[in-house]
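All remarks here apply to the structure that follows.
As the structure lists them, so they are numbered: ligands from 1, and atoms in each ligand from 1. FYI, side chains are in, hydrogens and waters are out, and symmetry mates aren't considered; it's all heavy atoms of this structure. Quick note: residue numbers are just sequence positions, from 1.
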Amino acid sequence: MEEATLDNPQTTAKPAPFGTVFADTMTVTRYVDGVWSEVESIPVAPLSIHPGAHVLHYASTCFEGLKAFRMPDGDVRIFRLDRHLARLQQSAGLVCLPAPPTDVVEQMVRQTVAESRNILPTPPGALYLRPTLIGTETNIGAAGAASTEAMFYVLASPVGDYFSGGGRPLSILIEDQQMRSAPGFGQAKTGGNYASALRHVIRGRNEQGVDQVLFCPNGDVQETGASNFFLVNDRQLLTKPLDSSFLHGVTRDSVVTLASHLGYEVIERDFTVDDIKDWIKTGEAMLSGTAAVLAGVGKFVHDGREYVVNDGKIGPNTQRLREALVGIQTGTDEDVFGWLS
Ligand SMILES: Cc1ncc(COP(=O)(O)O)c(C=O)c1O
């Protein structure tokens, strides 16, 4: 079967797994002696980094994930760049790393997109952008000190669907004991949070055969390992209000805005695992994220029991909101909120 490659990213044949194909070049800047260097474009290749670098020992790192789409007229636009730029600054602050000024990051993202235009897949494929910040000071005695040196780069990767199987309904394990991240740190987009969630996600996948794990410590429904969580029905959309326990998804914000625009009553309040079980007797559940877009849940697993959602199919409200979101992202619907730039 034909493989998706950089030379042929638009093939509809079996695509490469999400995040495994990269552009040839990336933009980079380095922080040394208190200043960021001139932005360069360099080949995407192994980095030279000292084995004693701060990031390798003390996880001083954060990143972003956003997408650029090809519009029907051939133009390329980035979805909600301002939100991602702001969140990068917030994450950098939480992991005590210096970040390049927002206008420099914006310029780097735009330059990376411009250099990768030729590998941008047709919609619903996109160019996934991964701005990444790492602490590079060589010091294995700096557990209690911020890295004085850093590197920031913007990688690009042509992508299709994140969850293999595309639009199929997902199965989700409800984890009501463990937390995804340390309290107060959930809003940082940092590697350590993914490391701390990973063993639970792997256990769910291997032992229960689920796609993802929904973290609900002591019953408080928060988020999955890589997406935010919603309940929806014909009239209402329910999601947890923003607090420091989970990542403030840009897609979450977009879905909340769209749902309100489409006439749903948007309810942002804390809710429990029991509320999920009640809601799905008649309603739907879905996950949102830049990579996942808006994915329907077909089944929950909790305490060894299965709870089927909407007969195991993607529900009409999930479908409707997903189409509204993708329509704006890909330029087939009017950009009423000014999200593309
Ligand atoms: C843990 C986690 N929560 C939520 C999200 C959704 O955030 P966004 O919609 O900004 O991609 C992500 C990222 O995709 C994530 O990794």
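Proximity of Tyr194 to ligand 1, defined as any heavy-atom pair under 4.0 Å, is confined to the side chain (atoms from C-beta onward). Residue contacts with ligand 1, taken as heavy atom pairs separated by less than 4.0 Å, do not involve Arg83 at all.
Taking any N or O of Glu223, backbone or side chain, at least one lies under 3.5 Å from an N or O belonging to ligand 1. Some N or O of Thr251 is nearer than 3.5 Å to an N or O of ligand 1, by distance alone.
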**Prompt:** Is there a side-chain hydrogen bond (donor to acceptor under 3.5 Å, both in side chains) between Arg80 and Ser254 once you walk through the steps?
**Reply:** CA-CA 9 Å; Arg80 306 206 72 179; Ser254 308; 3.0 Å; yes
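For the 3.5 Å distance criterion, the side chains of Thr25 and Glu115 qualify, holding a donor opposite an acceptor. A donor-acceptor pair shorter than 3.5 Å can be found between the side chains of Asp275 and Thr272. Side-chain contact, Tyr264 with Asn233: no donor N or O sits under 3.5 Å from an acceptor N or O. Between Asn317 and Glu284, the side chains place a donor N or O and an acceptor N or O closer than 3.5 Å (distance only, hydrogens not considered). Between the side chains of Tyr307 and Lys281, no donor N or O sits under 3.5 Å from an acceptor N or O.
Set against the non-hydrogen atoms of Arg180, the atoms of ligand 1 under 4.0 Å away are 1 (C). Listed by number with element, the atoms of ligand 1 under 4.0 Å from a non-hydrogen atom of Gly289 are 6 (C), 9 (O), 11 (O). Near Gly225, meaning under 4.0 Å from any of its heavy atoms, are these atoms of ligand 1: 1 (C). For ligand 1, the atoms closer than 4.0 angstrom to any heavy atom of Asn228 are 4 (C), 6 (C). Counting the atoms of ligand 1 from 1 in the order shown, those under 4.0 Å from a heavy atom of Arg87 are 7 (O), 8 (P), 10 (O). Numbered from 1 in the order shown, with element, the atoms of ligand 1 that lie under 4.0 Å from a heavy atom of Val250 read 8 (P), 9 (O), 10 (O). Interface atoms of ligand 1 facing Ser288, defined by a heavy-atom separation under 4.0 Å, are 6 (C).
Classified by interplanar angle (parallel below 30°, tilted 30° to 60°, perpendicular above 60°), the ring pair His261/Phe337 is perpendicular.
Compare Ala292, Gly249, Ala226 by their heavy atoms: the one nearest to atom 15 (C) of ligand 1 is in Ala226. One option in Thr224, Val255, Leu66, Leu247 has a heavy atom closer to atom 5 (C) of ligand 1 than any other, and that option is Leu247.
Remark: aromatic rings of Tyr128 and Phe18 are close, center separation under 6.0 Å.
In terms of protein heavy-atom proximity, atom 11 (O) of ligand 1 is nearest to Thr290 OG1, 2.7 Å. Atom 13 (C) of ligand 1 has its closest protein heavy atom at Lys189 NZ, 3.2 Å.
Asp176 places no side-chain N or O within 3.5 Å of a backbone atom of Cys216 that could act as its donor or acceptor partner.
Evaluation of the salt bridge (charged side-chain N to carboxylate O under 4.0 Å, His left out) rule for Asp234 yields no partner, not counting sequence neighbours.
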